[in-house]
Protein chains: 2
Amino acid sequence: MNAETRLARIETYHRLCREHGLRNTIQKRIILEAVLDHEAHPTADQIHELVLRANPDVSRTTVYRALENFVRLGLITKACHPGKVVRYDRRVDIHHHLLCLRCNRFVDFEDHGLDRLEIPDTSAVGFEVSDFSVQLRGICRSCRETTRREESP
Amino acid sequence: MNAETRLARIETYHRLCREHGLRNTIQKRIILEAVLDHEAHPTADQIHELVLRANPDVSRTTVYRALENFVRLGLITKACHPGKVVRYDRRVDIHHHLLCLRCNRFVDFEDHGLDRLEIPDTSAVGFEVSDFSVQLRGICRSCRETTRREESP
DNA sequence: TTAAGTGCAAAAGCTTTGCGGGTAG
DNA sequence: CTACCCGCAAAGCTTTTGCACTTAA
């Protein structure tokens, strides 16, 4: 995430705090920065670990609370994946994902063709769609290489 | 799920058991049928509840083990969603999802236009894509109605 | 016969909650 | 000042594991 986008997001955070009567505490600020600096799709606990480097006194509970807060404000999102632990995502714009069916690796994938996908009519089911994302499933490079090595030893 | 598809899946299960040297036990059979009969995206615990109706002696542990087994065999899949609990899906064919950003409702969505999406080139990242799915995010009917009621009381 | 599968109990891991005290606005 | 927020400890869920016993093939 480039410095400009990062700064803009932090400004948005301050604005949303003012608008919603929320407090801008040291802890929340550190937690937000930790998510923004994490490229992958971190769990609350992974964020907590990062946060501890900046301030060893921030509790796990506060991290859980702040992250849910940020999601509600639309500052970050939750990643949609098949695992059993919540993962957060600093990205709020349209992007897509690759999922490895063997090792569950879950990474971002950029493609302008996919971005231009035409959203179908969902009025029949009463849904008002605002956003979408394509998930591509398959086998990642390292898993394919592992398979090849096993098959021809 | 129509009776024909259901039967075919159970036959596939028997074939996969033979091919992999796995046993066809009463428990696994009941658990498989419970997933096939569940239209939504059930958790392991929801499946366990259903299973208990058919046989009150099947343990939760066995349900967890069997479901992971079925996923590995490709008999069922795991649903990709933002929650903190694993959800299973009896569907293994191409289909799409609607996610309500307010209440987290997560439902299937059929659209042949989306089915024909052209899979982009992922060779640069080393992924071999076999499958895809589109997730449409927005607000569901009942959440929109709740909002409207709150705004104009 | 024998390796896969099962149930139980216990452990492990993730997330939320209640509460007393702290602090930003 | 006061409403929001914090840290702690404890509870609440979900999921996995070790082990002795059972059973399908």
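Letters A, B, ... are given to chains in the order of the sequence lines, protein chains preceding strands, and every chain is numbered from 1.
- For DNA chain C, the neighbouring residues in residues 60-71 of chain B, judged by any heavy atom under 4.0 Å, are B:T61, B:T62, B:R65.
- Put simply, B:L52 and B:L50 are part of two different groups of oily side chains (I, L, V, M, F, W, Y) that touch within less than 4.5 Å, one to the next.
- Within the structure, the salt bridge (charged side-chain N to carboxylate O under 4.0 Å, His left out) test picks out the following pairs touching residues 15-27 of chain A (sequence neighbours left out): A:R15-A:E19.
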I'd like a table of donor-acceptor pairs (distance under 3.5 Å, sequence neighbours excluded) in which one partner is a side-chain atom from residues 91-100 of chain A, with atom names and distances.
| from | atom 1 | to | atom 2 | distance (Å) |
| --- | --- | --- | --- | --- |
| A:R91 | NE | A:D93 | OD1 | 3.0 |
| A:R91 | NH1 | A:E110 | OE2 | 2.3 |
| A:R91 | NH2 | A:D93 | OD1 | 3.4 |
| A:R91 | NH2 | A:D93 | OD2 | 2.9 |
| A:H95 | ND1 | A:D93 | O | 3.0 |
| A:H95 | NE2 | A:D89 | OD2 | 3.3 |
| A:H95 | NE2 | A:H97 | NE2 | 3.3 |
| A:H96 | ND1 | A:V134 | N | 3.0 |
| A:H96 | NE2 | A:D115 | OD1 | 2.7 |
| A:H97 | NE2 | A:H41 | NE2 | 3.4 |
| A:H97 | NE2 | A:D108 | OD1 | 3.2 |

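- Residue pairs meeting the salt bridge (charged side-chain N to carboxylate O under 4.0 Å, His left out) criterion with at least one member in residues 48-64 of chain A, sequence neighbours excluded, are A:D45-A:R60.
- Remark: A:L101 CG to B:S130 OG distance equals 5.5 Å, nearest 0.5 Å.
- Five base pairs at each end of the helix from C:dT1-D:dA25 to C:dG25-D:dC1 define two local axes, and these are offset by 40° (rounded to 10°).
- Residues from residues 22-57 of chain A that place a heavy atom under 4.0 Å from any atom of DNA chain C, listed by number: A:R23, A:N24.
- Partners of B:Q135 under the side-chain hydrogen bond (donor to acceptor under 3.5 Å, both in side chains) rule, at least two apart in sequence or in another chain, are B:R137.
- Identified under the salt bridge (charged side-chain N to carboxylate O under 4.0 Å, His left out) test for residues 62-73 of chain B, with sequence neighbours left out: B:E68-B:K78.
- Applying the ring pair (Phe, Tyr, Trp, His ring centres under 6.0 Å) test to every pair with at least one member in residues 116-145 of chain A, sequence neighbours left out, gives no pairs at all.
- Here the range on DNA chain D touched by chain B, meaning any atom under 4.0 Å from one of its heavy atoms, is D:dT14 to D:dA25.
- Under the 4.5 angstrom side-chain criterion for Ile, Leu, Val, Met, Phe, Trp and Tyr, the cluster partners of B:Y13 are B:M1, B:I10, B:L16, B:L22, B:I26, B:I30, B:I31, B:L32, B:V35, B:L36, B:I47, B:V51, B:V58, B:V63, B:L67, B:F70, B:V71, B:L73, B:L75, B:I76, B:V86, B:Y88.
- Residues A:F109 and B:V129 fall within the same hydrophobic cluster, defined by Ile, Leu, Val, Met, Phe, Trp and Tyr side chains chained together at heavy-atom separations under 4.5 Å.
- With sequence neighbours left out, B:D37 forms a side-chain contact (heavy atoms from CB on, under 4.5 Å) with B:R6.
- The minimum heavy-atom distance linking A:V125 with B:R141 is given by the pair C-NH2, 4.1 Å.
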